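Notes for the one structure printed next.
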Amino acid sequence: MKKFILDLFTAYDGGAEGASGVLLNTNVTTANDLTVEMKTYYSDYLIDLAEPELIHDQFGQKHPIPRNGGKTIEFRQYDPLPELTTPLTEGVTPDGQSLRVTKLEATVSQYGGYVTLSDMLLLTAIDNNLVWATKLIASQAGRTSDTITREVINAGTNVQYGAGTKTSRASLAYTNATTNDNITVAAVKRAVRTLEAQDAPKINGYYVGIIHPFVKYDLMNDPEWKYPHQYVDTANIYQNEIGEIAGVRFVQNTRAKKWAAAGANNADVYSTLIIGDDAYGVTEVTGGGLQHIVKQLGSGGTSDPLNQRATVGWKLTKTAKILVQQYMVRVETTATP
């Protein structure tokens with residue numbers, strides 16, 4: 001099994017371009033009129049609310065973001081040593097061996113957004129708008145982070161189309177309930193066979209799958225399907241875990257990758273990721289990657305001379321990287337409409 005050692009993972013303070021449709025927060029100072037306790041409370045609240053959105057981060061290697069060291073993460077991949085089947089010669093020291101190392105790098109980027117709260121809103125509104133703004137931006141931050149990881153890991157090269165009989169996404173078709181390329185237990189077992197043949201390590205004794213609700217519908221009616229209480233202590237189930245089949249524990253996500261009308265007859269095509277341990281790495285949100293930024297009324301200086309605006313925002317330092325292509329299979333299928 002290949003191993004990875006984290007050599008350098010650093011945050012950077014420069015502004016990268018944000019994701020499409022995400023406003024960048026260019027005001028990066030912290031308001032000094034909030035107490036330390038309030039800052040900590042709202043920051044923790046934002047992270048707690050953002051984390052349930054991070055389905056695609058759930059099974060990646062997590063790495064914190066230390067300060068002041070650049071903006072590159074470097075993984076080192078060590079090739080396994082060969083078997084030594086030749087007996088030693090008595091009294092003769094054998095030749096030594098050398099390690100073969102491959103360097104894998106990724107660059108972190110920043111993403112962020114904010115909402116503006118007017119003085120009149122804060123003065124007259126019945127609801128606590130700071131709390132509500134924090135809830136909304138936490139959801140936005142979590143979904144943004146999840147999508148960034150999703151796009152990276154769905155670009156893997158280890159792909160299975162349907163049950164393995166089709167050769168491209170465009171060839172997948174849904175005609176009716178009996179003629180289609182929907183997911184099947186056979187398709188899952190084929191993906192598991194691929195991972196096992198590559199000696200992909202399991203996670204707590206299973207591979208894990210990220211599955212869209214439409215795809216789940218076609219799989220969970222099979223008699224082999226087991227619900228979490230049938231195979232695992234329900235106190236230790238994964239976030240959004242729905243069941244197990246063929247040695248794969250599945251978690252459901254409405255943001256699982258979908259290619260609209262990409263198959264034959266304009267069929268939608270869905271990704272189901274079957275993942276082994278150490279397949280990919282991500283930044284750790286609680287390790288410094290996600291910040292909550294509140295600017296109170298009066299903190300804007302001459303840009304807000306009448307103290308009319310407050311803002312609530314978030315900033316995320318993020319990257320994701322596939323570490324071993326062979327430890328992950330993307331199963332592309334159609335689904336029952």
Side-chain angles (χ1 to χ4, degrees), residues 1-12 16 19 47 50-80 99-111 141-159 191 194-195 198-204 206-210 238-240 248-249 251 253 255-257 271-291 315-330:
M1 181 176 69
K2 298 177 181 177
K3 298 291 185 182
F4 299 90
I5 296 178
L6 178 67
D7 184 57
L8 178 66
F9 194 18
T10 59
Y12 86 105
I47 290 173
E51 284 187 326
E53 307 283 357
L54 305 178
I55 297 298
H56 287 89
D57 278 19
Q58 191 172 178
F59 306 106
Q61 291 185 11
K62 309 294 193 307
H63 299 290
I65 306 176
R67 294 180 178 273
N68 303 324
K71 53 184 180 182
T72 302
I73 176 174
E74 180 179 298
F75 295 94
R76 293 185 177 180
Q77 174 183 325
Y78 287 84
D79 292 342
L99 296 177
R100 298 184 61 182
V101 182
T102 302
K103 182 172 67 174
L104 300 174
E105 292 184 334
T107 301
V108 296
S109 297
Q110 283 187 324
Y111 308 85
R143 287 182 284 110
T144 299
S145 180
D146 187 67
T147 298
I148 292 166
T149 301
R150 181 195 71 186
E151 295 304 298
V152 169
I153 60 180
N154 272 282
T157 58
N158 206 9
V159 188
T194 298
L195 292 176
Q198 298 289 344
D199 293 321
K202 296 181 179 180
I203 305 173
N204 298 322
Y206 295 84
Y207 295 120
V208 295
I210 300 175
Y238 298 127
Q239 179 183 310
N240 287 13
V248 178
R249 291 169 63 175
V251 297
N253 191 333
R255 287 187 303 279
K257 183 71 174 177
S271 165
T272 301
L273 292 169
I274 311 295
I275 301 166
D277 203 11
D278 293 328
Y280 64 102
V282 297
T283 56
E284 186 175 23
V285 167
T286 56
L290 180 60
Q291 300 177 44
K315 184 169 65 176
L316 173 69
T317 306
K318 174 77 176 186
T319 193
K321 180 76 171 180
I322 294 177
L323 303 180
V324 188
Q325 295 279 1
Q326 298 93 320
Y327 289 0
M328 183 178 355
V329 177
R330 185 175 74 252

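Just so we're clear, the structure is a prediction, and the values are computed from it rather than from any experiment.
Considering only residues two or more places apart in sequence or on other chains, R150 meets the salt bridge (Lys or Arg N to Asp or Glu O under 4.0 Å) condition with none of them. When the salt bridge (Lys or Arg N to Asp or Glu O under 4.0 Å) test is applied to K257, the partners found at least two apart in sequence or on another chain are E151.
Looking only at side-chain heavy atoms (C-beta outward), T107 and T319 stay at 4.5 Å or farther from each other. The closest side-chain heavy-atom distance from I55 to I210 is below 4.5 Å. Under the 4.5 Å side-chain criterion, counting only non-hydrogen atoms from C-beta, S145 is in contact with D57. Inter-residue side-chain proximity for T147 and Y111 is flagged as unmet; no heavy-atom pair is nearer than 4.5 Å. Side-chain contact between K62 and V282 is present, with at least one heavy-atom pair separated by less than 4.5 Å. Looking at heavy atoms from C-beta onward, V251 lies out of side-chain contact with V208 at the 4.5 angstrom threshold.
Between atom CG of residue L54 and atom CG of residue N240 there is a gap of 11.0 Å, rounded to the nearest 0.5 Å. The line from OG1 of T272 to CG of N253 is 11.5 Å long, rounded to the nearest 0.5 Å. With rounding to the nearest 0.5 angstrom, the CD1 atom of I322 is 8.5 Å from the CG atom of N154. Atom CG of D199 is separated from atom OH of Y327 by 7.5 Å, given to the nearest 0.5 angstrom. Annotation: the span from E105 atom CD to T72 atom OG1 amounts to 6.0 Å, rounded to 0.5 Å. Note that the NZ atom of K318 and the CG atom of D146 stand 7.5 Å from one another [nearest 0.5 Å].
V152 and A320 make their closest contact through CG1-O, 3.6 Å (heavy atoms, listed as atom of the first residue, atom of the second, distance). Scanning all heavy atoms of the two residues, the minimum distance from H56 to T149 falls at O-CG2, 3.5 Å. Between R330 and A155, the shortest heavy-atom distance links the atoms NH1-C, 4.0 Å. Residues S271 and A256 share a closest heavy-atom pair of O-CB, 4.1 Å. When every heavy atom of Q58 is checked against every heavy atom of Y280, the shortest pair comes out as N-OH, 4.3 Å. Scanning all heavy atoms of the two residues, the minimum distance from L323 to L104 falls at O-CD1, 3.6 Å.
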Does Y238 form a side chain to side chain contact (heavy atoms under 4.5 Å, CB included) with I203? I'd like the steps, not just the answer. CA-CA 11 Å; Y238 298 127; I203 305 173; 3.4 Å; yes
Taking it one step at a time, do T283 and T317 satisfy side chain to side chain contact (heavy atoms under 4.5 Å, CB included)? CA-CA 8 Å; T283 56; T317 306; 5.9 Å; no
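N158 and Q326 are not linked by any side-chain donor-acceptor pair at a separation below 3.5 angstrom, with hydrogens and angles left out of the test.
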